[in-house]
Amino acid sequence: MFLVGLTGGIATGKSTVSTMMKDMGVPVVDADLIARQIVEPGRRAWTKIRAAFGDEVFEESGEINRERLGQIVFSDVEKRRIINKITHPEIYREIQWQVLSHFLRGEQFLLLDLPLLYESNRFASYLHKSIVVACEDEIQLNRLMARNTYTEKEAIARIEAQMPLDKKCKMADFVIENSGSLENTRQQVEGIVKLLRSSRRHLYLRGLWGSGLAVLVGVVVWLCVWLLS
């Protein structure tokens with residue numbers, strides 16, 4: 001199994017592309033979904049966030065007020081560093097477990113939907129290919145303001161908190177331009193999925209894994225024989 005990374009800028013349409021790939025039968029590990037799950041009430045990250053930020057970022061139900069927390073961390077670099085330090089290890093741990101699970105199922109390839117693929121650089125070296133979803137700057141800003149009812153200032157702050165989109169595009173193997181229609185985006189996605197499915201990379205990696213496993217088993221058997229002789 002080989003890994004493909006999917007990222008983009010906020011409000012460029014990464015989730016739309018991820019959903020299209022799921023509909024095409026591509027297995028996906030979604031870091032955004034994991035990020036919501038690891039802060040559910042009672043979980044380790046939830047407890048640490050309450051200790052670091054206090055009750056003001058929590059609803060009466062115990063759920064995190066994501067809007068309030070977002071306002072705090074996007075206006076204060078140090079607070080953003082704190083929340084990342086709390087949540088990122090939990091997110092990466094769960095991603096690793098899910099990758100292992102898909103590997104054991106014998107998948108050809110797995111899509112890692114990672115908003116901070118290049119910023120964190122945690123998985124970049126393990127990827128066979130990477131995909132960036134991009135759109136025109138003005139469209140990105142307008143989408144974000146409409147989606148989250150942000151002021152222009154708030155939307156710009158969130159965009160600027162990420163790596164510049166043009167820099168991500170230069171680092172990617174594939175760029176999906178999502179400024180036009182959904183049909184145009186879908187055609188680009190279909191083309192990339194077709195290319196990935198034509199790859200034989202997984203057979204090469206499976207051979208390496210099989211060889212490594214055979215060597216490990218051989219060493220264990222040799223040690224057992226040596227200890228019993």
Side-chain angles (χ1 to χ4, degrees), residues 5-19 29-41 43-95 112-124 130-172 176 178-179:
L6 174 68
T7 192
I10 186 171
T12 60
K14 178 181 62 62
S15 295
T16 297
V17 169
S18 180
T19 299
V29 171
D30 186 340
D32 280 334
L33 176 59
I34 293 171
R36 292 192 291 271
Q37 293 172 337
I38 59 105
V39 296
E40 290 175 349
R43 299 194 64 170
R44 182 163 41 196
W46 178 90
T47 302
K48 290 181 178 180
I49 291 172
R50 184 178 284 278
F53 293 89
D55 294 339
E56 66 173 311
V57 300
F58 287 85
E59 306 283 4
E60 290 185 6
S61 63
E63 299 282 344
I64 289 177
N65 184 324
R66 300 177 67 86
E67 182 62 29
R68 177 59 184 146
L69 182 59
Q71 290 173 349
I72 292 173
V73 300
F74 279 104
S75 61
D76 187 321
V77 174
E78 179 59 23
K79 294 290 179 61
R80 190 156 67 245
R81 186 192 66 79
I82 291 171
I83 194 67
N84 288 343
K85 186 176 180 180
I86 292 171
T87 58
H88 285 186
E90 300 291 331
I91 293 170
Y92 296 143
R93 187 178 296 112
E94 179 59 26
I95 288 173
L112 301 184
D113 183 342
L114 304 170
L116 301 178
L117 171 62
Y118 298 124
E119 287 90 337
S120 69
N121 204 34
R122 185 67 177 264
F123 292 98
S130 63
I131 305 167
V132 167
V133 183
C135 68
E136 296 172 7
D137 294 344
E138 186 176 353
I139 291 176
Q140 181 186 19
L141 180 61
N142 290 336
R143 282 177 180 170
L144 184 55
M145 292 169 62
R147 188 186 74 184
N148 295 72
T149 63
Y150 289 148
T151 64
E152 183 174 342
K153 182 179 179 180
E154 290 172 330
I156 290 173
R158 281 159 174 76
I159 291 171
E160 291 183 345
Q162 296 184 339
M163 181 185 292
L165 193 54
D166 59 347
K167 185 176 180 179
K168 291 184 179 182
C169 290
K170 291 176 183 177
M171 300 169 72
I176 295 175
N178 190 38
S179 298

Can you tell if the side chain of [X] reaches within under 4.5 Å of the side chain of [Y], non-hydrogen atoms only?
X: Ile91; Y: Arg122; value: no
X: Ile72; Y: Ile83; value: no
X: Ile34; Y: Val29; value: yes
X: Lys48; Y: Lys85; value: no
X: Pro115; Y: Asp32; value: yes

TODO: Using salt bridge (charged side-chain N to carboxylate O under 4.0 Å, His left out) as the criterion, list what pairs up with Arg81, not counting sequence neighbours.
DONE: Glu78

Open item on the list: Restricting to non-hydrogen atoms, name the atom on Ile86 and the atom on Ala45 that form the minimum distance, rounded to 0.1 Å.
Closed with: CG2-O, 3.8 Å

Open item on the list: Within the supplied structure, the quantity of interest is the number of heavy atoms (other residues, nucleotides, ligands) at a distance under 6.0 Å from Glu40 CD; does it exceed 12?
Closed with: yes

TODO: Kindly check if the number of other-residue, nucleotide or ligand heavy atoms within 6.0 Å of CG (Asp137) is above 12?
DONE: no

What residues, two or more places apart in sequence or in another chain, satisfy ring pair (Phe, Tyr, Trp, His ring centres under 6.0 Å) together with [X]?
X: Phe58; value: Trp46
X: Tyr118; value: none
X: Tyr92; value: His88, Phe123

What pairs with [X] under side-chain hydrogen bond (donor to acceptor under 3.5 Å, both in side chains), at least two apart in sequence or on another chain?
X: Arg44; result: Glu90
X: Asp113; result: Lys14, Ser18
X: Gln140; result: none

List in chain and number order the residues that pass side-chain contact (heavy atoms from CB on, under 4.5 Å) with [X], two or more places apart in sequence or in another chain; answer none if no residue qualifies.
X: Arg147; result: Ile10, Ala11, Leu144
X: Ala161; result: Phe74, Arg80
X: Glu60; result: none
X: Thr151; result: Lys153, Glu154

TODO: Sequence neighbours left out, what pairs pass side chain to side chain donor-acceptor pair (under 3.5 Å) with at least one residue falling in residues 157-167?
DONE: Tyr150-Arg158

